[in-house]
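In what follows, chains are A, B, ... by sequence order, proteins preceding strands, each numbered from 1.
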2 protein chains.
Amino acid sequence: MLNWEAIFATRSSRMRASEIRELLKLLDKPDIISFAGGIPDPKLFPDEQFKAAYADVFAGEGAGAALQYSVSEGYKPLREWLQGEMGRIGIDCTADNIFITSGSQQALDYIGKLFLSPKDTALVGWPTYLGALQAFNAYEPTFDQLTLSGNRTPESYRGAAQKAGGEVKFAYLSTDFANPTGETVDRAGRERLLAMAEELDIAVIEDAAYQHLRYEGEAIPPILSLEIARKGSIENTRTIYCGSFSKTLAPGLRVGYVVAATPVIRKLVLIKQAADLHSSTINQIAIAQVAERYFKEQVAKIKSAYSARRNAMLAALDRYMPAGATWTKPEGGMFIWVTLPEGMDGAALLARSVETEKVAFVPGQAFFADRSGTNTIRLSFSCADEAMIDEGIKRLGRLIGGVIAAAA
Amino acid sequence: MLNWEAIFATRSSRMRASEIRELLKLLDKPDIISFAGGIPDPKLFPDEQFKAAYADVFAGEGAGAALQYSVSEGYKPLREWLQGEMGRIGIDCTADNIFITSGSQQALDYIGKLFLSPKDTALVGWPTYLGALQAFNAYEPTFDQLTLSGNRTPESYRGAAQKAGGEVKFAYLSTDFANPTGETVDRAGRERLLAMAEELDIAVIEDAAYQHLRYEGEAIPPILSLEIARKGSIENTRTIYCGSFSKTLAPGLRVGYVVAATPVIRKLVLIKQAADLHSSTINQIAIAQVAERYFKEQVAKIKSAYSARRNAMLAALDRYMPAGATWTKPEGGMFIWVTLPEGMDGAALLARSVETEKVAFVPGQAFFADRSGTNTIRLSFSCADEAMIDEGIKRLGRLIGGVIAAAA
């Protein structure tokens with residue numbers, strides 16, 4: 001028998017199946033109220049707009065080009081549309097500062113490839129987006145805890161990285177309504193991060209996947225816009241902004257984007273050329289058309305639906321959660337993060353919840369690079385209607401209350 | 001000013017722009033007869049079939065699923081269709097042996113990621129597909145020359161790899177009508193490669209991108225099918241078969257596939273999950289529909305067109321090329337490889353050819369890992385009509401004849 005493990009590269013041992021993915025497979029049953037999947041509601045997709053966009057591709061003379069190979073940096077009209085969008089949020093740039101990826105997950109993979117040598121350090125939140133941990137992991141880094149509260153100095157990060165055998169290369173964070181916590185980094189936090197990145201001479205990876213989904217409060221300028229304001233030009237910035245159409249238009253087309261200084265864009269284009277040549281031509285054309293014609297209306301539509309669901313979940317948590325559990329109050333996005341009493345195990349709770357209450361969620365531990373956070377869980381409100389949310393949280397509150405009472 | 005080079009990973013210095021891509025940009029002028037681009041003729045794409053396939057996605061209830069996230073291994077009906085296709089060429093497998101990628105370029109990137117640690121050795125042809133060199137290069141390997149003529153022993157490969165600081169991990173080759181040479185590895189060569197891979201205990205990467213485009217002669221069984229015949233089951237094989245719809249249906253959708261033993265497929269699925277989650281859902285559905293309804297007709301259509309162009313180019317070469325130039329006689333594919341007299345420089349010839357003859361091609365040096373092969377050029381016949389082929393080769397023959405005469 002062939003011993004594949006002996007032939008595989010050492011890095012491949014770091015790749016493991018996402019627990020969440022495995023979990024979602026197990027939970028894919030019709031009788032379960034699921035707050036597990038962090039995906040957009042397919043009933044809200046702009047089907048009619050996409051139907052028209054694909055039909056238009058084949059109506060004109062352009063079908064040949066839409067089905068043909070195209071350039072690695074991405075479809076120019078889409079990059080130009082994004083340039084306008086970026087301008088509106090304080091990111092003054094040209095189309096040459098914009099690079100199209102196959103979803104923002106691909107941006108994270110390429111950023112790992114561009115920056116991380118084995119043993120280098122990536123600063124990430126405790127918890128953080130699991131997909132970022134998975135993407136970076138392929139390049140064998142060490143993770144250190146990114147904290148904006150000021151109890152870690154640049155020197156302490158540098159020292160820890162040297163001890164781990166490499167250098168700090170970047171800080172990664174999701175700025176708005178982050179997956180998994182739903183929390184947003186305030187303006188002061190963004191400014192502190194920039195100052196620290198400056199001192200450490202590292203890149204800042206700004207994951208803006210949920211930025212359009214704000215349901216209340218005022219928008220906070222992206223880190224990249226704050227840095228452009230400081231430095232006078234995007235060409236002097238160290239922030240790499242990662243955006244996506246997956247949460248606004250549709251994820252199944254796999255279209256995301258990176259906005260950054262041109263030396264970074266040029267490297268990412270080379271990486272993409274070697275890795276998959278370019279993102280789907282026809283999908284970039286379809287996304288460009290739907291974005292041009294319908295982006296605002298679509299964002300308004302999903303914000304209205306998701307914000308009602310968020311409100312329903314926050315109200316239900318207030319109503320049904322026992323004392324001892326606390327949770328975030330996100331101003332947008334898809335997630336609420338619940339901290340259970342110390343000692344309670346989110347994974348064990350899930351097993352009981354699915355069995356006795358038919359309610360699913362994701363145990364929080366998966367989102368911690370150090371595997372801590374056992375007493376946390378992630379609830380997603382994006383795919384359940386308000387009545388189901390009320391019923392599901394009621395059952396979950398009852399279960400958690402019972403566990404607390406039994407332990408007392 | 002930010003010094004990005006100091007922050008980038010060491011591997012990023014290995015990534016350089018493809019000369020061919022840069023070249024094609026320069027040559028993109030209407031008055032040039034181009035034999036440079038190795039791309040399918042967009043006039044032959046099955047537009048009407050794709051138009052119907054995308055329309056069908058939005059006609060039924062399934063639009064939500066087509067626009068949604070999907071599984072990393074790929075769309076099941078497409079994998080099942082491929083299973084049937086594979087069965088017809090002697091590759092007996094299940095859908096679990098099949099993994100969908102965003103074009104076969106992505107398969108090469110993931111294979112590099114899976115197998116290559118820095119300093120490991122990849123065996124490749126001299127010349128070989130430039131995209132393979134680029135994909136593997138990101139993982140910092142050494143390249144050694146794969147030769148099936150028997151003048152290298154397994155021991156010599158192993159010794160050279162150890163000297164380079166790693167191990168031989170795989171042999172990569174394009175089996176049929178390879179890019180850039182148009183040559184096909186005969187059955188005996190495939191069997192010798194399997195025997196050598198066995199002795200070295202390495203994987204075989206079989207690039208079958210052009211396999212469907214045979215215009216004459218009998219099909220030779222894929223290496224994977226030969227190995228299944230030896231070993232009794234795909235689960236006992238070491239060959240990783242990479243296929244693509246880019247040369248048959250259309251490249252712009254970015255859909256390719258890998259067929260291999262399940263331990264390899266499982267790892268590739270994990271890599272994809274971390275790298276871009278999955279290939280475009282809607283494009284996989286569209287490809288599956290067009291493949292199911294129209295694959296045979298489409299392959300017959302393009303074979304008829306390309307074989308006429310190949311015939312025209314071979315006839316023109318016979319007619320116009322001066323003594324001293326030799327070329328391959330491909331039984332399929334898109335390329336003819338010309339070897340010029342020793343000492344003649346393909347790149348210098350291109351500069352003169354574009355200026356004085358308005359004819360473009362690709363200098364062969366780019367396809368050699370050791371940058372040898374200066375006296376070679378690649379001609380593509382896929383995108384020019386027969387009259388243009390005759391005229392272009394006439395001019396090129398005249399130019400080469402003049403250079404030979406001047407040197408004599």
Side-chain angles (χ1 to χ4, degrees), chain A residues 2 4 7-10 12 15-18 21 39 42-43 45 47 50-51 54-55 58 63-70 102-103 105-106 109 113-117 134-135 137-138 169 201-203 236 238 250-254 263-264 267 270-271 273-277 279-283, chain B residues 2 4 7-10 12 15-18 21 39 42-43 45 47 50-51 54-55 58 63-70 102-103 105-106 109 113-117 134-135 137-138 169 201-203 236 238 250-254 263-264 267 270-271 273-277 279-283:
Chain A
L2 242 167
W4 283 108
I7 315 182
F8 291 153
T10 46
S12 92
M15 295 164 197
R16 53 188 174 78
S18 153
R21 186 163 178 270
I39 59 176
K43 291 192 288 295
F45 291 151
D47 305 28
F50 276 116
K51 179 180 179 173
Y54 284 102
F58 293 101
L67 299 175
Q68 184 61 287
Y69 287 113
S70 57
S102 295
Q105 185 69 31
Q106 184 172 71
D109 176 43
K113 207 177 210 177
L114 178 54
F115 287 101
L116 297 173
S117 294
Q134 289 187 294
N137 237 333
K169 286 304 185 73
D201 195 17
I202 61 174
N236 303 327
R238 60 179 68 248
L253 281 69
R254 311 307 301 128
V264 172
K267 280 286 185 189
L270 290 184
I271 288 175
Q273 197 193 336
D276 70 1
L277 301 181
S279 292
S280 164
T281 320
I282 188 169
N283 290 357
Chain B
L2 242 167
W4 282 108
I7 315 181
F8 292 153
T10 47
S12 91
M15 295 163 194
R16 54 189 173 78
S18 151
R21 186 166 177 268
I39 59 177
K43 291 191 288 295
F45 291 152
D47 305 27
F50 277 116
K51 178 181 180 172
Y54 284 102
F58 293 101
L67 299 175
Q68 185 59 289
Y69 287 114
S70 58
S102 296
Q105 185 68 29
Q106 184 171 72
D109 176 43
K113 207 177 209 178
L114 178 54
F115 287 102
L116 297 172
S117 294
Q134 289 187 294
N137 237 332
K169 286 304 185 73
D201 194 17
I202 61 174
N236 303 327
R238 59 179 68 247
L253 282 69
R254 312 305 303 126
V264 172
K267 281 285 185 188
L270 290 184
I271 288 175
Q273 197 193 337
D276 70 1
L277 301 181
S279 292
S280 165
T281 320
I282 188 169
N283 289 357

Please examine the side chains of [Y] and [X], heavy atoms only from C-beta on, and report whether any two atoms are closer than 4.5 Å.
{"X": "A:Asp109", "Y": "B:Lys113", "value": "yes"}
{"X": "B:Phe45", "Y": "A:Gln68", "value": "yes"}
{"X": "A:Phe50", "Y": "B:Ile282", "value": "no"}

Contact class of [X] relative to chain A, heavy atoms under 4.5 angstrom:
{"X": "B:Tyr69", "result": "both"}
{"X": "B:Asp201", "result": "both"}
{"X": "B:Ala135", "result": "both"}

Roughly how far apart are [X] [atom1] and [Y] [atom2], rounded to 0.5 Å?
{"X": "A:Leu114", "Y": "B:Ile7", "atom1": "CG", "atom2": "CD1", "answer": "9.5 Å"}
{"X": "A:Ser280", "Y": "B:Arg254", "atom1": "OG", "atom2": "CZ", "answer": "8.5 Å"}
{"X": "A:Ser12", "Y": "B:Leu270", "atom1": "OG", "atom2": "CG", "answer": "9.0 Å"}

Do you see a donor-acceptor pair shorter than 3.5 Å between the side chains of A:Ser102 and B:Asp276?
-> no
Between chain B and each of [options], count heavy-atom pairs under 4.5 Å; write down the option with the most.
{"options": "A:Pro42, A:Ser279, A:Pro251", "answer": "A:Pro251"}
{"options": "A:Thr281, A:Asp47, A:Leu67", "answer": "A:Leu67"}
{"options": "A:Arg238, A:Lys43, A:Gln273, A:Gln134", "answer": "A:Gln273"}

Spell out, as yes or no, whether a donor-acceptor pair under 3.5 Å connects the side chain of A:Gln106 to the backbone of B:Ala275.
-> no
Run the ring-centre check on B:Phe8 versus A:Phe115 and record whether the distance is less than 6.0 Å.
-> yes
Top residue by heavy-atom pair count (under 4.5 Å) with chain A, among B:Asn137, B:Val264, B:Ile202?
-> B:Val264
